[in-house]
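Quick note: residue numbers are just sequence positions, from 1. Quantities reported herein were computed from a predicted structural model and do not represent experimental measurements.
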Amino acid sequence: MALAFCGDEGNSTAYNVDHGVLNNGCFVDALNVVPHVFLLFITFPILFIGWGSQSSKVHIHHSTWLHFPGHNLRWILTFILLFVLVCEIAEGIVSDGVSESRHLHLYMPAGMAFLAAITSVVYYHNIETSNFPKLLIALLFYWTLAFITKTIKFVKFCDNGVGFSQLRFCLTGLLVVLYGMLLAVEINVIRVRRYVFFKTPKEVKPPEDLQDLGVRFLQPFVNLLSKGTYWWMNTFIKTAHKKPIDLKTIGKLPIAMRALTNYIRLNEAFEAQKNKRPSSPQGSGSIWRALCCAFGRPLLLSSTFRILADLLGFAGPLCISGIVHNTKILGVFFISSQEFLSNAYVLAVLLFFALLLQRTFLQASYYVAIETGINLRGAIQTKIYNKIMQLSTSNMSMGEMTAGQICNLVAIDTNQLMWFFFLCPNLWAMPVQIIVGVLLLYYLLGISALIGAAVIIVLAPVQYFVATKLSQAQRSTLEYSNERLKKTNEMLRGIKLLKLYAWEHIFHSSVEETRQKEMTSLKSFALYTSISSKSFSFFIHYSQHACLCLGCFAGAATNYCYFCLSVFSQPLKVVNRKRPAREDWNNYTSHTRRPINITELDDFCVKITNGFFTWTPEGPPALSNIDIRIPQGQLTMIVGQVGCGKSSLLLDDPFSALDIHLSDHLMQEGILKMLREDKRTVVLVTHKLQYLPHADWIIAMKDGYIQREGTLKDIQKSETELFEHWKTLMNRQDQELEKTTIETKTVLERTNLRRTMYSREALLKDDEEDEEEATESDDEDNLSSVLHQRAKMPWRLLKHTVMVAIDYCLARWTSDAISEKMEKEGFTPYIFSVLILCCLGIVLCLVTSIAVEWTGLKVTKKLHASLLNKIILAPMRFFETTPLGSILNRFSADCNTIDQHIPATLECLSRSTLLCVSALAVISYVTPMFLIALVPLAIMCYFIQKYFRVASRDLQQLDDSTQLPLLSHFSETVEGLTTIRAFRYEAKFRQKLLEYTDSNNIASLFLTAANRWLEVRMEYIGACVVLIAAVTSITNCLYSKLSSGLVGLGLTYALMVSNYLNWMVRNLADMEIQLGAVKRIHGLLKTEAENYEGLLSSSQIPQNWPDRGEIQIQNLSVRYDSNLKPVLKHVNAHISPGQKIGICGRTGSGKSSFSLAFFRMVDTFEGRIIIDGIDIAKLPLQTLRSRLSIILQDPILFSGTIRFNLDPEKKCTDSMLWEALEIAQLKHVVKALPGGLDAIVTEGGENFSQGQRQLFCLARAFVRKTSIFIMDEATASIDMATENILQKVVMTAFADRTVVTIAVSTVPTQMYNTKPDLLSHGTRHAVIRKANE
């Protein structure tokens, strides 16, 4: 066939110029080539040879400075120009289809213009980023010439009677407009910035972010093409494949995305709402309005992108319908738009571009929504933190709020709010999709389309009902999960006490009971999920297929409708789930800390007159008729018995946990020397009355009021009895200081001090990686094997086979309907076949989903039980060397991942894999030539997913690891709120919060950008699959007589390939990350438990053992671990029945280790302890620990009732409990509480003072009534007067029991009838004196 620019027909008039050159169409087309050749020629040396030096002296780190006016408009116009040029090329090719020779002038100028347009935007981008504006003159000339030549062609069309009925005329007019607009943009850049023709261009400074070397998140600063395709992420993804991603790699957030910036924006919106409605209460409505005001604009942009993407989504079904019904080629010189769109190849190309644009808009919508949600999350977290800083301490101490609730609000609820903003566009986008889809179906298929619409309308309320039930089930699951975590947290924090008291089984049963309730809710959630997302979707999908029965457009469009309805329920779930969080938010609007007005009069820096103070607005006053004065620059001491109101007025005794030498050193060197000499005002709450002579001012408290205040001399004169009582106690404490003469080197051995050896960095260190590496080579555990079996369930394959069979039947039915081979009676076999297959598919979908979910829950239930059992039986050394947060994270985040994420991810992964394979198989069956093009596409997919999975794994781990310090900071702030305020460190802690929030947000943003990077590329590959499938199908249909129904079937499947590819790769990456939770839990399951079994059976142990309380210690040496040095060496002692023994020594001398040896809490590697004739090493641990009693220095109370804290085993009567409370001097306190023994104890016992908590622990030990009673510095937090009373009570109540008391100094001797022992460096020293000497 001849090839010529103007054609080569014998009688051609293409070269006739008798009526003028410009009246010859071929010459006009040749004239249109000139501007494009000019641009290509002039820009070649600049684009491919080099740029030279920059004209600006401004240096920036990133080559992404986009500063020319109209930048985005230029890119948008260029994209439109490229699309119109593609249409012009296609129009020229189609118009030239039937000629004997090819007329290149019909499409060659458009092809040159296409190349020039691409060159222009690349040229412009380099000019802008290199800041070399003088080169804009080339673009100015190009747009001018292109506009002139295209205008000449348009005018000649008008002169020759070519009008709007011809597509070429319309395209030429559009090109004139586009070239004119681009010319105007170029002129505007030169005019505004005074470039090219001006001597002094306008100076412009780059944004601060681009001058910062640390800012590496460039999405806000790149051009539209890079924004839409995330091209700037390529370098980052490649780098991630070479070395792991860390915080240094991702850098800092841009200023506009930082938590402080977004917090200011949100706060301004809140203030605006307050100013609009100053009298109305600030409820949830005002909060939502403020959120929308602050972050509504980007959400509106996201919704716009989403609606555009949804509308473009219908181009796919429309093009497929046109291809199926118009598989023919036209060839005329001038064609109309209708004739142009009747060409199947044209429709295939248009479908390709529509898919590209639709997927780009969709991913842009997702990104903008998630970015907005992340910014919103950072702002709300900062807002919550600032609110915490203003909270009254009563909110915490009275149990209105707990650290766990605040952490849940920060970790869970703010994330849910973020995802609500992400899903919010679905609320209006999905109904639009459904309505438009049904209207188009009605337009194409008539009344039969309303049957499918009726199915949607009927099932929509049912779907809403199921979604509501689903949200209720999820809400109850979250509540039970929070309760379980609260109990687990308390169990782990009090694990030492639980082991010493042999209460492991009690708390184990409590956690398991809550877990069982959680599993019941999870089963309900799984059932509703299966009904909602599987069966309804399948029923909607295939009932519409079966009822519509005509046109492959129905197949593609109903795919859209069913997807819309299934996703429409997702925002409803989030909306319902957000209600508790909104109520929690409302809780933060009350009970804020009231500012204290400090009156500076005379020489007193603080003065309170007639003060009444309560912990809650409705509660009784904790302090009454308070009149105190704190002198300026002097030392004021506050003293009083336990429960008198000292904690309510200021802090607790800072010296209570210190030995007398250390406390005396701090008093002398710290308070009296450093603070007092510096004229600081010091207020000291203490039980150590020997320091009273150093006080300038003394405040004595009793029963919530001020008993007396003044100097020590004033009290000596006015309160003689009180002064004599103090004098007696002071003398005793001074004697103790004189008698303690042993010099020891302090060794940090005690458990609570040992925990402090682990620095904050160690707590925040990602120990999870080490655990993963340690378990990499392990064989599959039970969970992995069960998950593997779930993936190979036979009915899953059967379900997908049924789905493909239904589609194939519909395709054959459609082919026969289009070719009119069958009468209406001939449709009967198809109807029955499709109905039977649909019913079978619905049943299989429901059965498969429920079986998969419940199998997963069965596995997770067993896994949690095994983990809980292993942890609670682990030795104390495990808890001393493992951060508590790490253990708790296994029960919270990892268990949640295995409960809810892994089953769903595995189900989605297997489904998307089977769908992708089935789609490619159907396309290959329809058009075998597709297999040739499949190979390079598969290679591209492989490398994309390979690079993505590495980056995604690192970013996901970074996102998780940066969240831990953020949550820890919230927890630390809540627990240390009083200290932060006392030292005025609010600003410092707020700054730290902003740093942690920004670190977490930058990791989340990079993870979001990486996900979009993957999805855009997979979507584009999917569009290529559709294009190749369409072209090969059309070719087969034209030359091999392939049925139109099969063509439509192949293209319908091809449309979904990109979605399947995305789901498959994303789920594969997610599964790889989520299986890390399994590995971490599996690592803890290898923890060796304590040896609870003994050599003696229960029948060999007397029921009342130990009944006498005789203790023999023979050559005892103990250590905390086989790799550590001994803490006790060759200790020998004999304690007779009923003796009262005191163990004293400096901090670190081995006293606590000595007490723990009785309970086998430490490793006894030499020697033995014999109690009442039985070697304790031969006893079962449960038996040994349940027969002894101990009181620890750190008072530990659990949330619940007073009755539960005293007797969790429920073995004692009320009278026994009241007796124990009376012994502990707490009976009057408990009787005054509402409920008495059933009064509520808040988390950690925060509604009681430190001293009262210690007394409750004493009462708890009294309840057990064992013959051996150990007190490990049990009175450290108690005042001397109360301690004297307790000493007398112990002498009376435990007269026949063996009592071993551990103290930091010489023990008061009136308690003892034998000699106190001294420990130094883990060795027992000789007896000093007897009690009666």
Side-chain angles (χ1 to χ4, degrees), residues 399 402-405 407-408 476-523 857 860-874 876 878-879 884-885 887-896 898-899 1081 1084-1085 1087 1089-1090 1092 1181-1182 1185-1186 1192 1194-1212 1217 1235 1237-1247 1253 1256-1257 1259-1261 1263-1264:
T402 65
Q405 288 175 332
C407 286
N408 281 340
S476 64
T477 300
L478 289 174
E479 291 173 356
Y480 288 131
S481 177
N482 290 340
E483 183 182 353
R484 173 178 62 84
L485 291 178
K486 179 181 178 182
K487 291 182 177 180
T488 305
N489 182 42
E490 285 193 319
M491 179 191 75
L492 294 175
R493 289 184 180 276
I495 190 66
K496 183 176 182 180
L497 179 70
L498 299 186
K499 287 182 173 294
L500 290 171
Y501 276 68
W503 285 348
E504 301 101 315
H505 64 286
I506 299 175
F507 281 76
H508 181 279
S509 302
S510 177
V511 174
E512 276 295 319
E513 181 184 357
T514 308
R515 175 65 172 174
Q516 186 59 42
K517 296 177 182 178
E518 183 184 7
M519 294 303 298
T520 303
S521 294
L522 281 171
K523 287 183 178 180
L857 292 178
T860 58
K861 179 181 178 181
K862 181 180 179 181
L863 187 69
H864 181 273
S866 301
L867 177 63
L868 180 62
N869 191 58
K870 278 288 185 181
I871 292 299
I872 205 168
L873 298 181
M876 273 306 301
F878 168 78
F879 299 99
L884 179 62
I887 303 174
L888 192 61
N889 212 29
R890 303 293 85 80
F891 285 96
S892 56
D894 289 343
C895 280
N896 180 65
I898 298 173
D899 285 348
I1081 290 181
L1084 285 187
L1085 289 177
T1087 304
E1090 288 185 283
Y1092 276 76
L1181 269 183
Q1182 189 77 14
R1185 294 171 180 174
S1186 63
L1192 298 175
D1194 298 325
I1196 299 175
L1197 295 182
F1198 302 99
S1199 60
T1201 62
I1202 294 177
R1203 184 192 304 276
F1204 173 78
N1205 275 276
L1206 296 180
D1207 181 33
E1209 297 175 291
K1210 302 179 181 178
K1211 292 182 178 179
C1212 301
L1217 298 180
L1237 290 173
D1238 295 318
I1240 296 298
V1241 179
T1242 60
E1243 186 178 9
E1246 289 292 330
N1247 53 335
R1253 276 177 264 169
F1256 273 115
C1257 294
R1260 180 164 55 200
V1263 168
R1264 290 171 72 93

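Note that the CG atom of Asn1205 and the CG atom of Leu1217 stand 11.5 Å from one another [nearest 0.5 Å]. Atom CD1 of residue Ile872 and atom CD of residue Glu1090 lie 11.0 Å apart, to the nearest 0.5 angstrom. Taking CG of Leu485 as the reference point, atom CG of Leu492 lies at 10.0 Å (rounded to 0.5 Å). Here Ile495 contributes atom CD1 and Ile871 contributes atom CD1; the two are 9.0 Å apart, rounded to the nearest 0.5 Å. Between Ile887 atom CD1 and Ser892 atom OG the span is 11.5 Å, to the nearest 0.5 Å. Taking CG of Asp1238 as the start and CD1 of Ile1202 as the end, the distance is 9.0 Å to the nearest 0.5 Å.
Residues His864 and Phe891 have side chains in contact (heavy-atom distance under 4.5 Å, counting atoms from C-beta outward). In this structure, the side chains of Met519 and Leu522 come closer than 4.5 Å at one or more pairs of heavy atoms. Residues Leu868 and Arg484 fail the side-chain proximity criterion, which asks for heavy atoms closer than 4.5 Å. No side-chain heavy atom of Leu1237 sits under 4.5 Å from any side-chain heavy atom of Thr1201. For the pair Ile1081 and Cys895, the minimum side-chain heavy-atom distance is below 4.5 Å. Considering only heavy atoms from C-beta on, Leu863 comes within 4.5 Å of Leu1085 through its side chain. Using a 4.5 Å heavy-atom cutoff, the side chains of Cys1212 and Arg1203 are not in contact. At a threshold of 4.5 Å between non-hydrogen side-chain atoms, the residues Ile1196 and Lys496 do not count as touching.
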Practice item. Applying side chain to side chain contact (heavy atoms under 4.5 Å, CB included), run through Ile1240 and Asn1247 and close with a yes or a no. Key: CA-CA 9 Å; Ile1240 296 298; Asn1247 53 335; 5.5 Å; no

Exercise for review: Start with the C-alpha gap between Glu504 and Leu1181, add the side-chain angles, then the distance that decides, and say whether side chain to side chain contact (heavy atoms under 4.5 Å, CB included) holds.
Suggested key: CA-CA 11 Å; Glu504 301 101 315; Leu1181 269 183; over 6 Å; no

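Contacts of Lys870 classified as side chain to side chain donor-acceptor pair (under 3.5 Å), with partners at least two apart in sequence or in another chain: none. In this view, Leu873 and Asn869, Ala1089, Tyr1092 satisfy the side-chain contact (heavy atoms from CB on, under 4.5 Å) rule, not counting sequence neighbours. The side chain to side chain donor-acceptor pair (under 3.5 Å) test applied to Glu513 returns no partner, not counting sequence neighbours. Taking the ring pair (Phe, Tyr, Trp, His ring centres under 6.0 Å) definition, one finds that Phe878 meets it with nothing, sequence neighbours left out. Take Arg493 and apply the side-chain contact (heavy atoms from CB on, under 4.5 Å) test, not counting sequence neighbours, and it matches Asn489, Leu884, Glu975. Partners of Phe507 according to the ring pair (Phe, Tyr, Trp, His ring centres under 6.0 Å) rule, which considers only residues two or more places apart in sequence or in another chain, are Phe1198, Phe1204.
In this structure, Glu483 does not pair ionically with Lys517, as no charged nitrogen and carboxylate oxygen lie closer than 4.0 Å.
With Lys499 contributing its side chain and Ala874 its backbone, the two residues share a donor-acceptor pair below 3.5 Å. Side-chain atoms of Ser510 never come within 3.5 Å of backbone atoms of Ile506 as a donor-acceptor pair (strictly under, hydrogens ignored). Within the 3.5 Å criterion, the main-chain N or O of Thr477 finds no donor-acceptor partner in the side chain of Ser481.
Closest approach of Ala502 and Arg1185 over heavy atoms only: CB-CB, 4.0 Å. The heavy-atom pair separating Arg1253 from Leu1197 by the smallest distance is CG-CD1, 3.5 Å. Of all the heavy atoms in Gly1244 and Glu490, the pair that sits closest is N-OE2, 4.2 Å. Pairing each heavy atom of Pro1195 with each of Cys1257, the nearest pair is CA-SG, 3.6 Å. What you find for Thr860 and Arg515 is that their closest heavy atoms are O-NH2, 3.5 Å.
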